[in-house]
Amino acid sequence: MAKQRRQGGVWNIDRPGRPHPFGVQWREKVWDAALNAGTGGERTKTNTEFFDTAEKRDARAAALRKQRKSGAIRTATRGEIEEWQAFKAAVSGTPWQEVVAGWRSFLMQNGLKECTVTVDDAVKAELARATALSTTTPPQMSRDTLRQKKHKLELFAEQFGHLRINQVTAPAVEDWIDDFDEVETEATFNNYRKHVRAMLQPYVDDGTLRRNPIDGVKQRDDSTGEVGILAVDAAAHLFAFALKSDRYRACVGRLALEAFAGLRFSSGCRLERSDVNFADKGILLPKHKIKTKKRHYIDNLPDQVWAWLEVTPDECWDLTPRQYMELKSNLFVEAGVPHPHNCLRHSFCTYDVAAHKNPGRTAYILCHRNQDLLWTRYKGNATEVDGKRYQSITPQTAAKLAEGYVPLNARVLPAA
């Protein structure tokens, strides 16, 4: 039997002289409840099929390759394996059947329902309700309110639509709102928050959710509006800390793209290795990965970006948005660095404007349409010297530039 070269995860097999000499072989992940002392787990299964003609075999092989490409043939990702391992650690080896039974009992005792509603479902239901209200006589909802609601909730669905509504977290929503260039004021932030909260509240009222996750997103005081940035030594310490940690080194590439190229979190966390052009030192941002919804290629980035990408491990590009968000949040805490809202992107904007005095350059990198707004918002927030120091933070200089920085978790409060 001769196994030919694999294509798309599928092998062609020839066994001359047999009634069915033309074979196809592939592997897939299957669930095996007998593994791990009865708690279950995934194992690899090899499947083989044989046919009497090469044409039938080739047709089957092509169908299998198509299935693999679309994800119809189950293969566990690194993220899924890590989540399963984290789950097993969290329940201390308790069989998953017992965990599920306890969870269902908890739902019944608290008058809650099993949550199967996705964010996509919730958005569609809310927009259908709002559209109906806008078409009554007289209208119970204005066209302008419907337009605002549709705009914000459709953006929300783009980011979180695949999640169940009980998987939505306040920190993720807060970062998502802060990602928008149009959120220039606290009032605009509160407006985004209001529409998302209103959409989820009915599911609290009917027992699907214990609480509205948006209640954890604090409304902002309209009287304040300054952007939060990191001091140069704090930013250097953050990156030096990540670089020396096996755990946090995995995210330095995505972190550097936020801090030194100004990528939004929602773009940076979805960027793939193939989007980074090391030869020409440019980054392709496909339209579905940025808020502007237009394909954008950025180059002329600060040299430090490439210095960080060169030391970025391959596993960085395998991180899911959820994994990256968790690593990033924990990094700030463990490194003892303050974490103002959207501070990495704001730091890039502030220091790039200060270093180059060229808002057009900064606006181009940021995919901003209005350089005047950018100049007004970021001009004067940092000196040119600090701007150039910030843009000199590299894997080779970070520790030196961080000298003298005292982490928040190491600071001694003055005596009362």
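When reading the values below, keep in mind they use all heavy atoms of this one structure, side chains included, and skip hydrogens, waters and symmetry mates. Please read all numbers here as calculations on a predicted model, not as lab measurements.
- Side-chain contact between Gln25 and Thr46: present, with at least one pair of heavy atoms (C-beta onward) separated by less than 4.5 Å.
- In this structure, the side chains of Val123 and Glu126 stay at 4.5 Å or more apart for every pair of heavy atoms.
- Side chains of Leu284 and Asn277 form no contact here, defined as non-hydrogen atoms less than 4.5 Å apart.
- A donor atom on one side chain and an acceptor atom on the other are found under 3.5 Å apart for Asp206 and Thr208.
- Between the side chains of Thr188 and Asn191, not a single donor N or O lies within less than 3.5 Å of an accepting N or O.
- With 3.5 Å as the limit, one finds no donor-acceptor pair spanning the side chains of Gln304 and Thr394.
- In this structure, Gln167 and Phe160 have side chains that are not in contact, with every pair of non-hydrogen atoms separated by 4.5 Å or more.
- Side-chain contact between Phe348 and Pro302: present, with at least one pair of heavy atoms (C-beta onward) separated by less than 4.5 Å.
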Please report the C-alpha distance between Met325 and Lys328 in whole Å, then the side-chain angles of each, then the deciding distance to 0.1 Å, and finally whether the side-chain contact (heavy atoms from CB on, under 4.5 Å) criterion is met.
CA-CA 5 Å; Met325 176 180 286; Lys328 176 184 170 183; 5.8 Å; no
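- Cys316 places none of its side-chain heavy atoms less than 4.5 Å from the side chain of Val252.
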Check against side-chain contact (heavy atoms from CB on, under 4.5 Å), His151 and Tyr192
CA-CA 10 Å; His151 169 68; Tyr192 270 82; 3.7 Å; yes
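- For an aromatic pair to be called close, the ring centres must be under 6.0 Å apart, and Phe87 with Trp96 fails this.
- Considering only heavy atoms from C-beta on, Pro213 stays 4.5 Å or farther from Val173 through its side chain.
- For Glu334, the CD atom counts as densely surrounded, since its 6.0 Å shell holds more than 12 non-hydrogen atoms of other residues, nucleotides or ligands.
- Counting only residues at least two apart or in different chains, salt bridge (charged side-chain N to carboxylate O under 4.0 Å, His left out) contacts with residues 189-202 comprise Arg197-Asp215.
- A centroid separation of 6.0 Å or more is found between the aromatic rings of Tyr405 and Phe241.
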